[in-house]
Amino acid sequence: MRRTLPDGFVGAVMAVESISDAIVFLHGPGGCRVRFMVYSSAVYPRMTLEESDSYFIPYFYGYPRVPATFLDEYDYINGAFYKLEEGLPIVDSKDPGLVVVINSPGAGLIGDNHEKAIREAHMEDRAIYMGEALVSMPMTQGYDHTLRQILEHLAPVRDSPEKDTVNLLGMTVLDKDWAAAVEEFRENLESMGLKVRCVPGAGAELGDLRDSLNSEYCIVVCPEACASLCDYYESKGLKIIRSKAGAPVGFDAVEGWYRTIADATGKDPSVPIAKIDKARTKIYQKFVGMKYNALRIKGLKFSAAGTASVVRPLTKWMYYYLATAPIAVDTDLGSDEDEVRELREFLESIDYAESFGVEPKIGSDIVLSEGITALTMKINGQCSIGIPIGHSSMGLDDVIPRPVYGVQGALYILDEILHGVRGS
């Protein structure tokens, strides 16, 4: 099935929206705003109903997230500098710590002078303009690039580095249940004696970003979403920790992730490892108790699609742990080249080389991908089990935490598979 993925423009807007005291001012038509209003409110709600009452003003029009200039046909012909000139002070009246002006793809053709509008509003210290053609980037690169531009604008100083402190890099608010994953990682890393100072791109404040330079380490979760950030932090003297197992997806890669951190920091990973072992035991007991359904999983055909650092450990885990067959394995644009190469080599080693680069197949028993693909295929009867794992998987109907990363992520995927075979 042909997949529909968010692009770098989406990544840039959502990177700003991931910062609790920053705001995007979208220079574009109202239609472009609607998608981001939905995205940002769904994945990172930040305001109460009472607070939203004060947003019935121009450029916000009753909704607190992603104010826009609402360009029309007149503006595309004659220019819309006047809207930036009027709108910036109105957006600033809400006291954001930072305003980031981003063009919609069409608005970039007009040539409005955003820097001049920022200067005339006397907002040079608290507003920046992203001038690149972000729509041409993969989502993860747009996200990563925008966070780095914001960091460079903030110009943090490494003036009081603190031992045993870490930043988590490569998480986004478009990751399914990202907050639950952050909470799990934070708890487990603290049990190892490491303090999580900042998670750029996943609920950080501007103050956290400024202070993040004083961490000792940066721990990579998804390398595709933080390649530029890693370069930035490494250039400032922070040590980068990246697991060879890929992103912490599935029990084996989660264990490998914690052991890599322990090796790099000299810490004891026994607490998180014990939690992984406990979860493995729980699943084993569940499989024994539901032996008929567990046996029905063996040999099922699955399709997996997404960021390579996520898909590689997921595919290996599905193959070895559940004895399921990878008939279609696809990676997103912008995937890490080493992860892609290792994924291809793994598939070749198990005689599934022809599965590489194939989008989710109709007739798969299980499809693991971004939500719109997985759930559409399930609804249309094109697969039996559809499991959202990608960047458009918002999890709006989840109450119990169901992230993709960590121990909870492994249990979420197994839960969906067991529910699926029970209902088939």
Partners passing side chain to side chain donor-acceptor pair (under 3.5 Å) against [X] (at least two apart in sequence or in another chain):
| X | value |
| --- | --- |
| Asp351 | none |
| Ser309 | Glu224 |
| Glu162 | Arg197 |
| Arg402 | Asp415, Glu416 |

So, the side chain of [X] versus the backbone of [Y]: is there a donor-acceptor pair under 3.5 Å, distance only?
| X | Y | answer |
| --- | --- | --- |
| Asp21 | Leu206 | yes |
| Asp365 | Ser384 | no |
| Asp112 | His114 | no |
| Trp257 | Val249 | no |
| Glu184 | Val407 | yes |
| Asp75 | Asp72 | yes |
| Lys83 | Phe70 | yes |
| Asp7 | Met139 | no |
| Asp332 | Ser335 | no |
| Asp92 | Pro89 | no |

Working to the nearest 0.5 angstrom, can you tell me the gap between [X] [atom1] and [Y] [atom2]?
| X | Y | atom1 | atom2 | answer |
| --- | --- | --- | --- | --- |
| Leu151 | Leu213 | CG | CG | 8.0 Å |
| Leu168 | Ser212 | CG | OG | 11.5 Å |
| Leu174 | Ser18 | CG | OG | 9.5 Å |
| Leu26 | Arg65 | CG | CZ | 13.5 Å |
| Lys236 | Ser215 | NZ | OG | 14.5 Å |
| Leu300 | Ile327 | CG | CD1 | 10.5 Å |

Does a salt bridge link [X] with [Y], judged by any charged N lying under 4.0 Å from a carboxylate O?
| X | Y | answer |
| --- | --- | --- |
| Glu190 | Arg186 | no |
| Asp336 | Arg242 | yes |
| Arg312 | Glu342 | yes |
| Lys195 | Asp164 | no |
| Arg148 | Glu152 | yes |
| Arg158 | Glu216 | no |
| Glu339 | Arg344 | no |
| Arg341 | Glu345 | yes |

[Y] and [X], any side-chain heavy atoms less than 4.5 Å apart:
| X | Y | result |
| --- | --- | --- |
| Asp263 | Ile261 | no |
| Cys230 | Val220 | yes |
| Ser303 | Cys383 | no |
| Leu209 | Glu205 | no |
| Phe185 | Val199 | no |
| Met14 | Phe36 | yes |
| Val10 | Arg35 | yes |
| Tyr321 | Lys316 | no |

Shortest non-hydrogen contact from [X] to [Y]?
| X | Y | result |
| --- | --- | --- |
| Ala304 | Val311 | CB-CG1, 4.2 Å |
| Glu348 | Ala353 | CG-CB, 3.7 Å |
| Ala253 | Pro313 | CB-CB, 3.5 Å |
| Phe251 | Leu414 | CE1-CD1, 3.9 Å |
| Ile110 | Ala80 | CG2-N, 4.3 Å |
| Val367 | Pro360 | CG1-CB, 4.0 Å |

For Leu5 and His391, run side-chain contact (heavy atoms from CB on, under 4.5 Å): C-alpha distance rounded to whole Å, both residues' side-chain angles, the deciding distance at 0.1 Å, then the answer.
CA-CA 8 Å; Leu5 299 173; His391 287 299; over 6 Å; no
Ring centroids only, cut at 6.0 angstrom: are Phe302 and Tyr319 within range, meaning strictly under it?
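Centroid distance Phe302-Tyr319: not below 6.0 Å, so no.
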Identify which one of Val254, Ile389, Asp177, Val310 satisfies the side chain to side chain contact (heavy atoms under 4.5 Å, CB included) criterion when paired with Tyr405.
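Of all the options given, the one that passes is Val310.
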Just do the side-chain contact (heavy atoms from CB on, under 4.5 Å) check on Glu359 and Arg3 with the steps written out, would you?
CA-CA 7 Å; Glu359 293 191 324; Arg3 302 166 62 212; 4.1 Å; yes
Neighbour count >12 (heavy atoms, 6.0 Å) for atom CD1, Ile57
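Result for CD1/Ile57: enclosed.
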According to ring-ring contact (aromatic ring centres under 6.0 Å, His included), does anything in residues 225-244 pair up with another residue at least two apart or in another chain? List the pairs.
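Found none.
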How about [X] and [Y]: does a side-chain donor come under 3.5 Å of a side-chain acceptor?
| X | Y | answer |
| --- | --- | --- |
| Ser41 | Tyr63 | yes |
| Ser228 | His145 | no |
| Tyr320 | Asp252 | no |
| Lys94 | Ser54 | yes |

Assess whether side-chain contact (heavy atoms from CB on, under 4.5 Å) is satisfied between Tyr59 and Phe25, documenting all intermediate values.
CA-CA 9 Å; Tyr59 301 96; Phe25 189 22; 4.0 Å; yes
For the pair Glu255 and Arg280, evaluate salt bridge (Lys or Arg N to Asp or Glu O under 4.0 Å) and give the outcome as yes or no after the intermediate values.
CA-CA 11 Å; Glu255 180 175 346; Arg280 282 186 172 125; 2.8 Å; yes
Ring pair (Phe, Tyr, Trp, His ring centres under 6.0 Å) partners for Tyr217, two or more places apart:
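For Tyr217 there are no ring pair (Phe, Tyr, Trp, His ring centres under 6.0 Å) partners, ignoring immediate neighbours.
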Check the pair Leu314 / Leu368 against side-chain contact (heavy atoms from CB on, under 4.5 Å), numbers first and verdict last.
CA-CA 9 Å; Leu314 174 65; Leu368 304 106; 4.0 Å; yes
